[in-house]
Each structure stands twice: as structure tokens, then as C-alpha cells.
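Reviewing the structure listed below.
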2 protein chains.
Amino acid sequence: MATLDDIAKMAGVSPTTVSRVINNYGSLSEKTKTKVFAAMKELNYQPNSLARSLKGKKTQLIGIILPGVSNPFFGQMVQEIEDQLFKKGFRIILCNAGNDANKERAYLRMLMANRVDGIIAGAHNLNIEEYQKVGLPIISFDRYLSETIPIVSSDNYHGGQLAAQSLLAAGSKNLQIITGANRPNSPTNNRLVGFKEVLDQQSLDFKLLEIPFSSSPNIKGLKIRELLLKKTIDGIFCTDDLTALLVMQQARELGIRIPEDLKLIGYDGTDFIQNYHPELTTIKQPIVDIVTMMIDLLLRRIDDSECELESTYTLPVKLITGVTTI
Amino acid sequence: MATLDDIAKMAGVSPTTVSRVINNYGSLSEKTKTKVFAAMKELNYQPNSLARSLKGKKTQLIGIILPGVSNPFFGQMVQEIEDQLFKKGFRIILCNAGNDANKERAYLRMLMANRVDGIIAGAHNLNIEEYQKVGLPIISFDRYLSETIPIVSSDNYHGGQLAAQSLLAAGSKNLQIITGANRPNSPTNNRLVGFKEVLDQQSLDFKLLEIPFSSSPNIKGLKIRELLLKKTIDGIFCTDDLTALLVMQQARELGIRIPEDLKLIGYDGTDFIQNYHPELTTIKQPIVDIVTMMIDLLLRRIDDSECELESTYTLPVKLITGVTTI
DNA sequence: TTTGTTTTGTTAAACGTTTGACAATTTAAA
DNA sequence: TTTAAATTGTCAAACGTTTAACAAAACAAA
């Protein structure tokens, strides 16, 4: 692969001049510039970013740590992150951490070794100290990591409230919430809190079913079927849309009609759900805004590691009404 | 961030010795090793991969160029690629090229600049020459790129055959295929070829609807509705599952019953579809095998850039029977 | 012609590592 | 004790770039 020296020789100028052209500094005549550009094109030259970064330039690399990308929500989020960062001249190293703390730890070390400019973290199997000693700009999605790491999330609390209100407005009396296992330090727990608060105000009770995030859809489906067979509930809030799809599936099989016998509302409202399951009422997280905010904050931290940021940024959710709560 | 010299000082040894510990070469006593490891731990040291790579070591980075990751098929594929590569000590730079040739071109340059060890390419907006002059190990998914770049794909031809056979076996007489716009150099066109071949053998005719990949689901839905309103067809093969979902949606709205009035079969068979839409009959691409094969080939090329590889690797598809073709 | 300005070149150090050559020290075996 | 082997150290060059300091040309204007 061609180096800066090769270009210099071919263009008949000094290496310094080539570097000046690349970095556009010092005074240069049009003639040399074109000569150098021609040589660069001729040899299909790309400045070695390893060498540039080593010499102090930024790597223009951002690490993205998320549970995974096969889930439509994180898929869309990664796509949006990639899209926005690309326009700003950054590339991303994708780190699917799953539920695996060791993997997340390994990735953190790798990102340090690769001298990424910053990290967006949304998978949180690690405890706080491990994130604190990374010493890189970090922004967190939906999870409390440390004093100095800002959290961006949707308004989970209000989302929970909206869900409860919608089900009640649709006439449900016996409510059920199906949620992932309660995690420490996660603002997503507020979906439950907001939901509960609305019901408490009306002195209403509700049932709670926790299914670990890591459960397979089959297992989840089975637990849901068990639930539906009791036939005591007439309104369900699932704290993610995919689980809501499973409820629809099981209800269909059991001959339970939605919305006649059972009202249903989900959470996330990805493009995927809106396009392919517009029938589902859901709480839409503003993915674009969330990403815009995370990137804005991250770039500020990268520019100035001392800059003061809020500890939490909460973005509004939106109720998308489908036919499952009519 | 701590450097090798810092470690040397702290451990009271020479920089060379530290490097010897890191790279495990030369002869070393247990005592020094533990001293050095202790210092590395103490300072949370990570060897600067930029410097290492500059000195000739591999970057352990692989570029993944795909249309995008919000589509469940590519989402699952990326997840699988990431998973397998992580276990082999590689990280991935994710490049969503969409339908944008300029973006793909820019990414190709960036990957060269970053000195990635290799590339897996599955988005193909560029012509062959641009890929040829990259000069890095490349493996292609489902697209012809150049003489020297191996293609891995599922058996699209047989998939098309299976689809036709299933619809016929289910009793359909008036068949329709809905596919993305025909692309040059794409083995996926063989889905249509295989489909056609089965019908030709039985002297049967069929209708063809092409909808560009880039169309929004709403547009696609509209075109499908138009099609269904004619009510002349009783069997549809969609060359991707998401389009099949749209058919189901429109059919439901129009009161067309599946499978009573209309048989339906899709293509891809992602985990997502199998978990959340098991009712849909589909042709399953062996994503895991495809990825395993691509990575195997890529690593061989990385190890030995001269190694001889086949130009095409075709992996078998599988019919997943749901209730839409009963 | 002289003067000043613009452009280009030369040289060298630096980024953090790897690696080879060679010397010095420690340890173990004879 | 001598000898050999194992361990560690010193030194320096290299990877491909950036950047500063300074010198040398080329060019234009007075």
C-alpha cells in the first residue's frame, strides 16, 4: 500500500509538502496541489490513520456497546447512530455485549486499546467502577453508570403513565403488566413506576409478571399462554413491543379476541412495528432524538473532556394508537 | 493513558522486557512476569494497538459493509458475524451503505485508511473496478464483485424451486411472484429463475411484480393492495419475508383469507420471523452457515493472500412450513 | 537591482510499539 | 570453581505520519 513517501516521489515534491496538502496547512501553490492530488489518485493512496492517530490525531472511531443488533429496537438505534456519526466523519466499532459481562469487559479493554475517541454504552452487565476507570468520554443509554457519565433515555415514567391511562380509557378493569426482570440502576424500571402510580391514584390493583430479558421467545410465549388461560385479565401493558407480539400470537391461538376481550399496549414503537404491526398501540421512544442527543453530548465531551453535562437527559415519548386499545 | 514505558518504570524493568512479556517471546522468569502483570493491572494498561499495528501487527479489525442493520435479516447476520469474529479475536467496523454508492465508496476508503485486515461486503452499489483496487482480502455476500472475490450465498435457485413447488402442492393455480427490482450481478435473481423453471416445466404461467428495494413499506403495501384487489391470484411468493408480512396485512384488511383464499410463501426465515410469525411458510437461509463460511474464507485470505478459493460457495436452503400454505 | 513575499525543501523529533543485536548479569550445573 | 545456560538490560532502527524550525528557491513589485 502506497505511503506518503511514495506520493512525494511520484509528484516530485518533498514528503512535507504532501503532508501539507493532506492537512491543508502552510502556503501551497495550486500547481503543486494538483500534482500531489494526481499522484494520490494514481496510486489510490489513503493516509495511514494508524500513523496519524499515533501522532496525536483523533481516531474518528466511536465504540457502540449494546446488547445486540438483531432486536429491531437496537437495530434501528444502531442504524441511526451510524447514520449520524458517518455524516460527522466518524466510524463505529460495533460491540454486541449480550448479557455477557466478560464480553462487555473485553470490549471495553479493546476500545481502550484502539484509542477510540468515545463510547456510547447501552448494555450494562458491568458494575460502575469498571466504567469509571476507562477514562474515555462515555454517554449511556438508559442506564446509570456513574456520577460523571450522562444518561440519555426516553421518559419511561410518563410512558408507563400513558400506558395505564390508555388501557383504562379503553375500558380495561383487570390490568396486567409484563416486564423484563427488574434491573438495578435502570431508568426503564420507571415504566412500571409510572404505570403503578396511575392505578394507585384510582385505587386500582394490577398483576405483575416478570420475564427475564434473556428468555427465549418460546419460553416467554409459554408463560404468556399460562397467563391468558386464567382469563381474569382484560388489559395488558408489555414494556416492549416484541412481547406484545407474543401476546397477540397466543391470544389468537386461544381464541381471545383483541381488542374485544383484551386490550393491549406495547412499548418502543420502532419503525418496524409501525410499518408491519400498525395495529398495535404502543409508546414510541424518540430514537432519532435520543441518538441526536447522545451524539451531541459525546462530541462535546470529546472536544472538551472537562465540559459540564447534566447527569440525565429525558426525552418525551409519544402514544401511538392502534386498534388494540379501541 | 499509561504507556509501555510507564509499566517498565513501575515494574522496575526495561521497556524491552515489558514488550517481551506482552508478546510472550524470549526467555523470562516467572518473577518478572508477575511483576510486569501487576504493574499492567495497577495502571489499567492497554497496549496501544495503533502503535502495534503500525509496527506491522494486524489490526484485528474487519469491515462489514451491508445495506443496513435495521432489517431483521441483516441485523441477525451482523449479530452472527460479530459473535463469531469476537471469539476469534476480531472486532468489526460497521458500515451501513444503504443504497448510497458514495457512502459505500467513502467507507471503502476509510477501511483502507484504517488498515482493516479484511472486508465482508454485502451491499453493492459500486461497480467491480472500485472493489478490485482495494487490495484487501474481501468476501462477498450474495453479489458478484470480481473474478478474485469469492461469493457466498444461499441456494437461491433451489429456494425459488421450493417456493413454486410448495404453492402448487397447496393447490394454487394462479401464481404471483413479488420481488425486488432485478439487479445485475446478483445471485438473488435466481430465486425468480428457479421459480419460473418449475412452472415452465408444467407449462404454467405466472405474474411478476417488481418493487424496488428502496420503496417504503407504505408504498409497497399500496402496490400489494392494488394487486390483491384484482382477485385473480391465489398464490404468492415474496422473495423476502417482510414483503410477505405486508401481503398478510393487506389481505387481512381486504378480507382475503390466508390460506383459504390465498397461499403465501416468503424468503429468508430469520429467527425473528420464526419466533414472531411462525404462521408464515418461508425459505430459510442458513445464516449461521453463511457467516461461518464467509469468516472461514476471509481468515484464510488474511493468512495467505495468495490462497486459491472457489469463486462461488452455495449453501442449501430449507423449507419452513407454516400455515400459510396449507 | 533590490526588497519582500510566497512557495518549497531539508532536517529532525515525536507518537508507542516491536524486534534484533549484543552485552551484562544471574542462576544452575559440572 | 569453572562453564554453560538462562535471564535481563541497553541501544537503535523501524512503522507512517505530523509539525516545527530554518533555509533555499522562485516570483513579484518597487
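Reminder, nothing fancy here: chain letters follow the sequence lines and each chain counts from 1. These numbers come from the heavy atoms of this one structure, side chains and all, not from hydrogens, waters or symmetry mates.
Whole-Å rounding puts the A:Met112 CE to C:dG16 P distance at 14 Å. The interatomic distance linking A:Lys35 (NZ) with C:dT8 (C1') rounds to 9 Å, in whole Å. Per the geometry, CG belonging to B:Leu4 stands 12 Å off P belonging to C:dT19, to the nearest Å. One atom, NZ of B:Lys9, and another, P of C:dG16, lie 11 Å apart when rounded to the nearest Å. For the pair B:Asn23 CG and C:dT18 P, the computed distance is 4 Å after rounding to whole Å. Taking atom CG of A:Asp5 as the reference point, atom C1' of D:dT17 lies 9 Å away to the nearest angstrom. Atom CG of B:Leu28 is separated from atom P of C:dT19 by 14 Å (rounded to the nearest Å). Rounded to an integer number of Å, the gap from B:Lys58 NZ to C:dT18 P is 15 Å.
Across all strands shown, B:Thr17 has heavy atoms under 4.0 Å from sugar-phosphate atoms exclusively, and none from any base. Across all strands shown, A:Thr3 has heavy atoms under 4.0 Å from sugar-phosphate atoms exclusively, and none from any base.
Distances shown here put every side-chain N or O of A:Ser27 at or beyond 4.0 Å from the OP1 or OP2 atom of C:dT6. Contact check, A:Ser29 against C:dT7: no side-chain N or O comes under 4.0 Å of OP1 or OP2.
Counting only distance, with no hydrogens or angles, the side chain of A:Ser49 and the backbone of B:Asn114 share a donor-acceptor pair below 3.5 Å. B:Gln76 places a side-chain N or O within donor-acceptor distance of the main-chain N or O of B:Asp271, the cut-off being under 3.5 Å. Between the side chain of B:Ser140 and the backbone N or O of B:Ile149 there is no donor-acceptor pair closer than 3.5 Å. Side-chain N or O atoms of B:Asn24 include none that pairs as donor or acceptor with a backbone N or O of B:Ile22 at under 3.5 Å. Remark: side-chain polar atoms of A:Asn71 are paired, donor with acceptor, to backbone N or O of A:Phe73 under 3.5 angstrom. The backbone N or O of B:Lys133 lies less than 3.5 Å from a partner atom in the side chain of A:Asn44, making a donor-acceptor pair. A donor-acceptor distance shorter than 3.5 angstrom exists from the side chain of B:Asp304 to the backbone of B:Glu306, with no hydrogens or angles considered.
A pairwise comparison of heavy atoms in A:Asp117 and A:Gln60 identifies OD2-N, 2.7 Å as the closest pair. Listed here is the closest heavy atom pair of A:Ala97 and A:Glu104: CB-CB, 4.0 Å. Across every non-hydrogen atom of A:Val288 and A:Gln84, the tightest pair is O-NE2, 3.7 Å.
Bending across the helix from C:dT1-D:dA30 to C:dA30-D:dT1, expressed as the angle between its end axes from five pairs apiece, amounts to 30° (10° rounding).
With sequence neighbours left out, the salt bridge (Lys or Arg N to Asp or Glu O under 4.0 Å) criterion links B:Arg109 to no other residue. Shown here are the salt bridge (Lys or Arg N to Asp or Glu O under 4.0 Å) partners of B:Lys103, two or more places apart in sequence or in another chain: A:Glu82, A:Asp83.
Across residues 42-54 of chain A, A:Tyr45, A:Pro47, A:Asn48, A:Ala51, A:Arg52 each have a non-hydrogen atom less than 4.0 Å from an atom of DNA chain D (numbered order).
In this structure, B:Phe86 and A:Tyr107 have tilted ring planes: the angle between them lies in the 30° to 60° band.
Within 6.0 Å of NZ in A:Lys33 there are more than 12 heavy atoms belonging to other residues, nucleotides or ligands.
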Legend entry - Reading 5' to 3' through nucleotides 25-30 of chain C, protein heavy-atom contacts under 4.0 Å coded B for base, S for sugar-phosphate only, - for none: ------
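In the set C:dT10, D:dT7, D:dT18, D:dT18 carries the atom at the smallest distance from any side-chain atom of A:Lys55.
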Detail all sub-3.5 Å separations between protein N/O atoms and N/O atoms belonging to nucleotides 20-24 of chain C.
none

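Sequence order on DNA chain D of the closest nucleotides to A:Ser19 and B:Thr32 puts B:Thr32 first from the 5' end.
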